[in-house]
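Read the structure below first, then the notes.
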Amino acid sequence: DPTPGGPNANSNDKDIHVKVVKLTSANFTTTNVDTLVAVLPADSTILGFRLWVKTQLAGGSISAATVSVGSASGGTQYVNAVTAFATAGTYTVVTPVSGIAQNYAVPLGGDLAIWVRGTATTGNPTSGEIYLMVEYVR
């Protein structure tokens, strides 16, 4: 705890925030699509990711797709190739997730970029809508 004299009743108090990002069929191709989808403030600590499939990816002979989440274009620092091809209404807590419980140091570094890589492993979809939720505290 960075509070002088140690922890107190308010010292570890942080607010939970959620960024919600819409991904569509345009975010998935067999050659990968890397998209900067969010930027978190420098004093943020990521808690986790969730996916909700509003409508399943379809068209273009797609039968499999994945999402990776990183801190740079093409990165997998947080999530590496978790399935994004699911039936409508599927809500998933994304696992495994790595590198999220970073402790920030004073002075703060830069803001945290959130990049998504959408990969359609079999055909390029023409429809579909998926939401990525990024949970973090600051």
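- When hydrophobic clusters are built by joining Ile, Leu, Val, Met, Phe, Trp and Tyr residues whose side-chain heavy atoms come closer than 4.5 Å, directly or via intermediates, V33 is not grouped with F85.
- A continuous path of hydrophobic side-chain contacts links V21 to F49 [ILVMFWY only; heavy atoms under 4.5 Å].
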key: Residue pair W115, V69: steps toward the side chain to side chain contact (heavy atoms under 4.5 Å, CB included) verdict   = CA-CA 6 Å; W115 285 82; V69 183; over 6 Å; no
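- Atoms CG and CG, from L57 and N124 in turn, are 11.0 Å apart once rounded to the nearest 0.5 Å.
- At distances below 3.5 Å, at least one donor-acceptor pair connects side-chain atoms of T55 with backbone N or O atoms of E129.
- Judged by distance alone, the side chains of T126 and S25 never bring a donor and an acceptor atom under 3.5 Å apart.
- Not a single donor-acceptor pair under 3.5 Å links the side chain of N32 to the backbone N or O of G74.
- Although no hydrogens or angles enter the test, the distance criterion places no donor-acceptor pair under 3.5 Å between the side chain of N27 and the main chain of G118.
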ask   = Are I46 and Y78 close enough, and set up right, to give a side chain to side chain contact (heavy atoms under 4.5 Å, CB included), and what steps lead you there?
value = CA-CA 9 Å; I46 299 170; Y78 305 127; 3.7 Å; yes
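- Side-chain atoms of T90 never come within 3.5 Å of backbone atoms of V53 as a donor-acceptor pair (strictly under, hydrogens ignored).
- Taking NE2 of H17 as the reference point, atom CG of L40 lies at 10.0 Å (rounded to 0.5 Å).
- Between V116 and L132 the shortest side-chain heavy-atom distance falls below 4.5 Å.
- Linking Ile, Leu, Val, Met, Phe, Trp and Tyr residues whenever their side-chain heavy atoms come within less than 4.5 Å leaves M133 and V94 in two separate clusters.
- T24 places a side-chain N or O within 3.5 Å of a backbone atom of A26 that can act as its donor or acceptor partner.
- Side-chain atoms of Q77 come within 3.5 Å of backbone atoms of S71 as a donor-acceptor pair (strictly under, hydrogens ignored).
- Residues W52 and Y91 keep their aromatic ring centres 6.0 Å or farther apart.
- Clustering ILVMFWY residues whenever any of their side-chain heavy atoms sit less than 4.5 angstrom apart, transitively, puts V97 in the very cluster that holds L112.
- In this structure, the side chain of T122 engages the main chain of S63 through a donor-acceptor pair within 3.5 Å.
- Proximity of K19 to Y136: side-chain heavy atoms (C-beta onward) are separated by under 4.5 Å at one or more points.
- A donor and an acceptor atom, one from each side chain of T29 and T31, are located under 3.5 Å apart.
- Within the 4.5 Å cutoff, the side chain of T92 has no heavy atoms near those of the V82 side chain.
- Across A113 and L36, no two heavy atoms sit closer than the pair CB-CD1, 3.8 Å.
- Across all their heavy atoms, I62 and A64 have their closest contact at CG1-O, 3.6 Å.
- Contact between A84 and V67 at its shortest, heavy atoms only, is CB-CG2, 3.4 Å.
- A donor-acceptor contact shorter than 3.5 Å links the side chain of S68 to the backbone of A81.
- Using a 4.5 Å cut-off on side-chain heavy atoms (C-beta onward), V137 and L47 make contact.
- For the atom pair T83 OG1 and L51 CG, the distance stands at 9.0 Å (nearest 0.5 Å).
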request  = May I have the step-by-step check of side chain to side chain contact (heavy atoms under 4.5 Å, CB included) for N80 and T66, ending in yes or no?
outcome  = CA-CA 9 Å; N80 187 13; T66 62; over 6 Å; no
